[in-house]
Amino acid sequence: RNKLSDYSWQELGRWLWAFSKLSVDCGEIVDAVSREALDKVSSVSDQDLSGLLWSLSRQPGSIDPSLVQALAEETAQRAGSLGGQLLASTTTALARLGHLTAPLMQAFATAARTNLREFSPGDVASLAWSIAQMGLEDKPLMDAISSQVSARIGSFSLHELTSLASAYATMVLQDTAILHSVAAVLVENMSKMTTQDVSKVSWSCSKLLYVNEQLIDALSSASIDHISEFQPANLANVVWSCAKLSNKNEHLIDSLCGASMNLVEEFSAQNLANTVWSIATLGFTVTEKMEAFIQQSVQKISEFGPQGLANTSWAFAKMEQKFDDLLEVISAEAKEKLDEFETQNLSNTAWAFATLRIEDKSLLMSISEKVISKIEQCSCRDLASTSWAFARIHMPNDDLVAAISGVVGARIPEFEAKGLSNTAWAFATLGIRDGGLMDGLASQVMSKIKHSWSDGSMKIEDLATDLNGLTWAMEHSGFLTEALSAEILELMRCLGRTKDAEMSSPDKPPPTQIEKIAPEDHPGDAPILRTEFPDVVCVHKPAGWEVDNQDAGGGPWMSAWLMEQYTIDQVPIVHYEEHQFGMVQRLDIPSSGLVLVGKTWEGFYSLKWQLQTGNITRDYVLLVHNWVDLDGRVNRQSFAEKAAE
């Protein structure tokens with residue numbers, strides 16, 4: 001420091017390089033170099049020019065923009081003469097400094113395409129990383145890089161391959177051949193990879209949605225081995241990767257959750273949101289040990305951005321977990337930041353609060369105002385989710401309904417079948433009586449369901465659910481014609497027959513495991529088969545039994561009794577919870593009465609259709625104590641809440 005004035009700026013540059021290599025802050029040297037360099041930059045050697053840029057890019061403080069500009073311009077003039085190592089190093093340094101402009105990158109790209117064979121594997125990886133950081137689209141250059149990687153795959157270090165994977169992921173460049181080659185090397189050498197590299201490769205695979213079972217298994221094992229070394233960002237990245245790639249390795253997820261609990265206080269708001277979103281997406285439920293995540297989210301709620309707020313509320317709704325303290329602060333923070341919300345954030349938040357039946361009128365009305373103002377920017381999914389949310393909690397909003405219905409009609413062909421079915425259900429629930437719009441929705445739902453069935457792009461049970469929702473919507477709104485009703489019934493039966501054929505195979509999925517009824521749990525009377533047909537059966541349920549086709553309550557389960565009556569080979573449907581064990585309607589535990597059960601999927605779906613079209617009549621007899629005053633009013637909201645079910 002005492003002799004700064006005695007050094008030439010080239011010597012200062014070398015001192016700067018040495019201190020930067022040692023991660024030492026050297027602001028005074030940077031200032032000295034800046035003062036001397038501007039007028040003399042053209043006289044510096046290529047090596048010193050590249051080294052100076054590298055050193056400046058490693059400095060923690062801001063760098064004089066005029067110095068960076070001068071160095072960048074000089075580098076651009078020399079790009080054609082720089083060797084591979086210097087070109088890669090210079091490109092990386094300018095990318096770090098945020099000064100790798102498009103014209104400059106084009107000059108580097110031209111030089112790189114000419115000299116790429118001279119680049120070392122490390123230089124190739126660095127160049128790819130720089131291109132990714134700048135978002136440059138240069139297909140000829142990336143093709144050339146891919147060619148070099150393919151030809152020299154065995155020469156790259158594991159860290160270099162990891163950098164390449166990150167670069168391709170950042171650019172969302174789907175080069176399957178290169179990915180397969182890189183994956184093969186990484187799988188073989190997974191035990192040698194560092195913690196950071198394991199995290200980066202996991203992120204890269206999920207960003208590219210690259211599903212390679214061998215690589216996923218190897219990464220899962222490596223993540224478990226490195227779990228104690230993971231930092232919060234690593235943990236969040238790996239569990240996010242699991243969610244994106246549908247990797248439900250329970251040992252890995254448990255390990256990630258356990259390690260996250262130990263470091264949860266160090267998690268950023270984004271890491272908290274990503275982790276909870278991932279767990280929900282994977283279909284797991286937050287357990288008691290995740291309470292710390294809720295507490296940290298409440299404490300750091302002001303640090304959550306719009307996407308973090310929306311994803312967190314969505315995650316807990318998906319898991320059917322209602323934590324009032326967390327949702328209250330999410331609501332308050334969301335209202336403060338609503339101007340920053342994208343349309344997907346708005347629709348996800350509305351969907352989450354409605355799913356949990358939280359009638360936060362202030363929040364939902366504020367969301368509706370934003371949706372209306374951005375209605376032309378809304379995706380079909382946004383429109384369907386938002387309309388469904390307001391219908392779910394039966395919150396009338398004429399302006400929102402008018403805005404959504406006004407754009408849905410013109411965009412019906414863009415919707416997926418599920419979105420159309422949900423939108424039709426929402427419109428019917430909210431009282432829309434537009435025959436042309438409802439007929440248009442119905443026509444497209446039928447068309448898309450038939451197409452999805454023929455190409456196998458959707459599961460049969462999902463198609464049946466969409467048909468079920470459409471049937472109720474058209475019946476409730478008064479637009480279900482005899483022709484449409486008959487067409488829906490025939491399609492439901494066809495879907496059922498197809499599912500029956502599928503489940504007659506010996507390769508059927510494992511059945512739901514239900515505990516047998518213990519003698520001490522038996523309420524006394526047993527269910528009775530009242531009437532039985534080939535496709536359906538009518539069962540008398542005594543008081544005290546639970547019709548567990550939804551959330552189980554406190555009585556012995558009807559499903560367990562049905563399984564005792566029919567083996568899985570005789571009547572498969574009663575052995576699967578996801579198909580409601582064949583039971584089409586509920587009866588409360590204290591009630592006794594008749595329950596209809598489908599013995600085949602064709603029978604089950606036919607009963608569903610009859611239920612939604614009003615072809616099944618249910619009479620209730622109640623024994624009450626004393627007189628009940630009647631006022632002649634009907635609480636229609638309670639019916640609307642359960643209409644979809």
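Between Glu303 and Lys300, none of the side-chain N atoms (NZ, or NE/NH1/NH2) sits under 4.0 Å from a carboxylate O, so this pair counts as no salt bridge. Glu342 has no carboxylate O lying under 4.0 Å from a charged side-chain N of Lys370, or vice versa, which leaves the two without a salt bridge.
Between Asn468 and Trp472, the closest side-chain pair of non-hydrogen atoms is not below 4.5 Å. By the 4.5 Å heavy-atom criterion applied to side chains, Lys450 and Glu487 are counted as neighbours. With a 4.5 Å cut-off on side-chain heavy atoms, Met365 and Met395 count as touching. Looking at heavy atoms from C-beta onward, Lys599 lies out of side-chain contact with Asp535 at the 4.5 angstrom threshold. The shortest distance between side-chain heavy atoms of Phe604 and Val574 does not fall below 4.5 Å. Using a 4.5 Å heavy-atom cutoff, the side chains of Tyr576 and Pro509 are in contact. Residues Thr429 and His394 form a side-chain contact, since some pair of their non-hydrogen atoms from C-beta on lies under 4.5 Å apart. Counting only heavy atoms from C-beta outward, the side chains of Leu400 and Val371 approach each other to under 4.5 Å.
Here the closest heavy-atom approach between residue Phe415 and residue Gly419 is recorded as CD2-C, 4.0 Å. The heavy-atom pair separating Gln444 from Ile412 by the smallest distance is CG-CG2, 2.8 Å. Taking each heavy atom of Phe390 and Ser368 in turn, the nearest pair found is CZ-CB, 3.8 Å. Minimum interatomic distance between Ser477 and Ala473 (heavy atoms only, all atoms of both residues): OG-O, 2.8 Å. Of all heavy-atom pairs spanning Ala132 and Ala167, the tightest one is CB-O, 3.6 Å.
Remark: Gln610 CD is packed, more than 12 non-hydrogen atoms of other residues, nucleotides or ligands lying under 6.0 Å away. Atom CG of Asp455 has more than 12 heavy atoms from other residues, nucleotides or ligands within 6.0 Å. More than 12 heavy-atom neighbours from other residues, nucleotides or ligands sit within 6.0 angstrom of CD on Glu475. Counting heavy-atom neighbours within 6.0 Å of Lys322 NZ, excluding the residue itself, gives a total above 12. Enclosure of atom CD in Glu482 is not indicated, since only 12 or fewer non-hydrogen atoms of other residues, nucleotides or ligands lie within 6.0 angstrom.
Using modelled atom types, no side-chain atom of Lys541 and backbone atom of Arg586 make a donor-acceptor pair closer than 3.5 Å. Between the side chain of Gln174 and the main chain of Leu208, a donor-acceptor pair closer than 3.5 Å is present. At least one donor-acceptor pair closer than 3.5 Å links the side chain of Thr355 to the backbone N or O of Trp351. With hydrogens and angles ignored, the 3.5 Å screen pairs no side-chain donor or acceptor of Glu414 with any backbone N or O of Ser379. With Ser447 contributing its side chain and Ser443 its backbone, the two residues share no donor-acceptor pair below 3.5 Å.
In this structure, NZ on Lys361 lies 10.0 Å from CD1 on Ile393, to the nearest 0.5 angstrom. Atoms CG and NZ, from Leu141 and Lys139 in turn, are 11.5 Å apart once rounded to the nearest 0.5 Å. We find the CG-CD1 distance between Leu326 and Ile294 to be 6.5 Å, quoted to the nearest 0.5 Å. Rounded to the nearest 0.5 angstrom, Leu480 CG and Asp439 CG are separated by 10.0 Å. Taken from OG in Ser241 to CG in Asn274, the straight-line distance is 12.0 Å, to the nearest 0.5 Å.
Among Asn345, Leu346, Leu309, the one residue that satisfies the side-chain contact (heavy atoms from CB on, under 4.5 Å) test with Leu338 is Leu346. Results of the side-chain contact (heavy atoms from CB on, under 4.5 Å) test with Ile404 over Ile375, Ile372, Leu430 single out Ile375 as the only residue that passes.
Note: Tyr210 and His180 have tilted aromatic rings, judged against thresholds of 30 and 60 degrees for the angle between ring planes. Taking the six-membered ring where tryptophan is involved, the planes of Phe267 and Phe293 are perpendicular, since the angle between them exceeds 60° and thus also 30°.
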Side chain to side chain contact (heavy atoms under 4.5 Å, CB included) between Ser405 and Asp434, worked out: CA-CA 9 Å; Ser405 61; Asp434 185 331; over 6 Å; no
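Judged purely by distance below 3.5 Å, without hydrogens or angles, the side chains of Asp462 and Thr465 never pair a donor atom with an acceptor atom. Counted by atom type alone, Ser268 and Asn271 present one or more donor-acceptor pairs between their side chains at under 3.5 Å. No side-chain N or O of Asn422 forms a donor-acceptor pair with one of Arg381 less than 3.5 Å apart.
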